[in-house]
Amino acid sequence: MTNKLDRDASIDLIRQRRPPWDLIVIGGGATGVSIALDAAKRGLDVVLLERFDFGSGTSSRSTKLVHGGVRYLKQGNVTLVRDALRERTLLKENAPHLVHDKAFLIPCDNLWQWFFYGVGLKVYDLLSTGNSFGRSHFISPRRAVELAPALRRDRLRGAVLYHDGQFDDARLLIDMAMTAADHGAVLANYMSVVQIVKDSTGTACGVVAVDSESEQRIEISAKSIVNAAGPFGDQVRQIDDPKCQPMIAASQGVHLVLPKQLYPGDTAMIVPQTSDGRVIFIVPWHDHAIVGTTDTAIPQAIPEPKPQSQEIQFLLETAAEYLTRRPTLDDVLSIFTGIRPLVKDDKSSRTASLSRDHVIRVASSKLITITGGKWTTVRKMAEDCVDRAIETASLSAQSCSTKTTKILDSQATGIKQLEIDSPQLAQPVHHSLPIKRSHVVWAVRYEMARTVEDVLARRTRMLFLQARASLEAAPLVAQIMSQELGTDQAWCDAQIKAFHEIAQNYLPG
Ligand code: FAD
């Protein structure tokens with residue numbers, strides 16, 4: 001068993017390989033990593049190239065829900081909901097260390113709402129037959145306040161309680177990458193695909209990627225190429241065919257992270273109809289509360305999206321309508337923003353109404369693009385995509401087996417062992433962050449963390465919980481990483497500076 005993501009070993013394998021790979025996957029988000037895992041399990045030779053870090057795009061910036069999507073019921077998309085509910089069960093069975101049941105309540109202002117949402121959730125119960133995380137219930141205002149003590153009682157006429165799933169997106173992604181590597185996939189971060197290579201018939205037969213650490217270009221050939229670049233999918237399609245029409249409508253979603261005291265208890269809350277017709281969640285997560293999200297159309301995807309001040313204001317004001325204590329900007333510990341790769345619909349200008357279903361398109365060069373969908377359904381997305389790659393490139397492969405593929409818990413015993421071997425690694429990196437030096441060492445040695453941001457944002461989620469404390473921890477994290485990587489003080493200084501710039505997007509005000 002590999003149980004290690006090792007960048008140097010991956011780059012060596014990529015460089016040394018002579019016969020074409022069966023499959024190149026462009027993009028190391030949930031979609032790409034899931035495809036790499038599916039393909040490796042079918043016995044295909046697969047390499048995945050990610051231009052920054054695994055999960056640095058949308059896949060670490062979700063609301064952390066594994067859900068059927070109660071709100072899609074309102075859009076009448078029963079198939080989407082039922083498929084997602086089935087996938088929700090599979091994900092919980094395959095990654096029980098990171099996916100768990102969460103109770104949600106919908107506060108209702110009047111009896112009509114109580115009836116409407118109560119009946120809607122009975123339909124959700126019905127659709128989840130065989131995949132249920134727990135039945136829905138009508139509950140009294142008193143019970144609602146017992147479950148969510150910060151909920152304002154004055155306008156509450158009743159509530160509905162239902163169940164969905166919650167997970168840890170960035171951690172799941174790393175564990176999926178580890179599992180894919182364990183089944184033979186080769187994965188490398190900081191490898192940007194800059195060119196699609198074509199043969200004499202115009203068929204895509206490889207890529208040119210730039211290793212951003214060594215700045216070297218590497219040509220890699222393959223029988224099939226999948227573009228899983230999420231919100232950047234059109235940019236990759238345009239490398240293949242500069243004349244292609246965009247298929248992705250980018251929409252950004254902002255989340256605020258608040259201290260637990262503002263929303264104590266374990267029960268999450270959903271506001272199903274905000275003043276402008278959206279849905280927002282208030283969800284307990286790692287001893288904090290996440291409030292999100294917005295849905296703001298943006299002209300095009302950028303790697304580090306920034307929250308707009310009106311989005312922050314909207315979330316604070318909507319939360320204030322329901323909470324006993326009005327949250328202010330001073331309460332906000334971190335802000336994170338993700339971009340939805342929604343599939344364009346020329347008839348609708350509102351991104352909130354665009355389908356969350358996934359779409360697979362094959363270009364005339366046979367480059368396969370997959371986009372849309374959601375974290376909850378990535379296993380199924382990968383299955384459909386690898387089926388299409390097998391068909392398009394006539395690959396010989398086994399059938400999909402990921403329904404029962406267990407996702408490794410990469411940190412389970414390893415971190416403890418590190419601390420037994422070197423007790424000084426059990427010291428914390430910062431007085432208000434729940435991580436120790438061992439987490440940093442582990443992330444570098446076994447999880448391909450290359451930058452301070454990789455460690456603080458995605459291997460440990462600290463930047464997402466406490467942006468200011470993470471900034472303060474950055475110099476020590478850089479020192480520990482530098483010892484592991486064998487780099488010098490100039491590297492540390494550059495890392496601290498880069499992290500400082502990134503963290504500005506997560507800091508309130
Ligand atoms: P990404 O994660 O963006 O990955 C694409 C990757 O491709 C990036 O890492 C990028 O760096 C890389 N890339 C781009 N260009 C290149 C190149 N040239 N070479 C190499 N690599 C490249 N879903 C749920 O199920 N539950 C939720 O609670 C939920 N909440 C959400 C909340 C928000 C605000 C948003 C925006 C989405 C949410 N989703 C949720 C949806 C889910 O997060 C996304 O569908 C999913 O993360 C998309 O993954 P992806 O791999 O397609 O894209």
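Remember, it's 1-based here, ligands and their atoms both numbered in the order they're listed.
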Side chain or backbone of [X] under 4.0 Å from ligand 1, or both, or neither, by non-hydrogen atoms?
| X | answer |
| --- | --- |
| Phe232 | side chain |
| Ser251 | neither |
| Val33 | neither |
| Gln235 | neither |
| Gln252 | neither |

| query | Between Ile270 and Pro107, which heavy-atom pair has the shortest distance, and what is it? | reply |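 Answer, listing the atom of Ile270 first, then Pro107: O-CD, 3.3 Å.
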Considering heavy atoms of the protein only, find what lies nearest to [atom] and give residue, atom and distance to 0.1 Å.
| atom | answer |
| --- | --- |
| atom 6 (C) of ligand 1 | Glu50 OE1, 3.5 Å |
| atom 3 (O) of ligand 1 | Thr58 N, 2.9 Å |
| atom 28 (O) of ligand 1 | Leu65 N, 3.0 Å |

| field | Note: Arg7-Asp211 ion pair, threshold 4.0 Å (strictly below) | value |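 Asp211 and Arg7: salt-bridged.
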| field | Lys380 bridged to Asp83 by N-O distance under 4.0 Å | value |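 The answer is no: the pair does not qualify as a salt bridge.
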| task | Could you tell me whether the side chain of Met178 reaches within less than 4.5 Å of the side chain of Leu5, counting heavy atoms only? | result | yes
Name the option, out of [options], that contains the heavy atom nearest to [atom].
| atom | options | value |
| --- | --- | --- |
| atom 49 (O) of ligand 1 | Ser59, Gly29, Gly372 | Ser59 |
| atom 30 (N) of ligand 1 | Ile26, Thr63, Thr293 | Thr63 |
| atom 35 (C) of ligand 1 | Arg340, His358, Gln195 | Arg340 |

| said: Can you classify the ring geometry of Tyr124 versus Tyr162 as parallel (below 30°), tilted (30 to 60°) or perpendicular (above 60°)? | reply: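 Rings of Tyr124 and Tyr162: perpendicular, as their planes differ by over 60°.
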| Can you tell me if Thr451 and Asp454 form a side-chain donor-acceptor pair at under 3.5 Å? |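 The answer is yes; a qualifying pair exists.
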| message | Under 4.0 Å from a heavy atom of Leu49: which atoms of ligand 1 are those, numbered in the order shown and with their elements? | response |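 Taking each heavy atom of Leu49 in turn, ligand 1 has 20 (C), 21 (N) under 4.0 Å.
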| message | So for ligand 1, is Thr31 a polar contact partner (N or O within less than 3.5 Å, distance only)? | response |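 Looking only at distances, the answer is yes, because the N/O contact criterion of under 3.5 Å is met.
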| Taking distance alone, with no angle check, do Arg51 and ligand 1 share an N/O pair under 3.5 Å? |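 Arg51 vs ligand 1: N/O contact under 3.5 Å present.
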| query | Aromatic ring centroids of Tyr506 and Phe464 under 6.0 Å? | reply | yes
| Val455 backbone acceptor or donor facing Thr460 side chain under 3.5 Å |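 Such a contact is found between Thr460 side chain and Val455 backbone.
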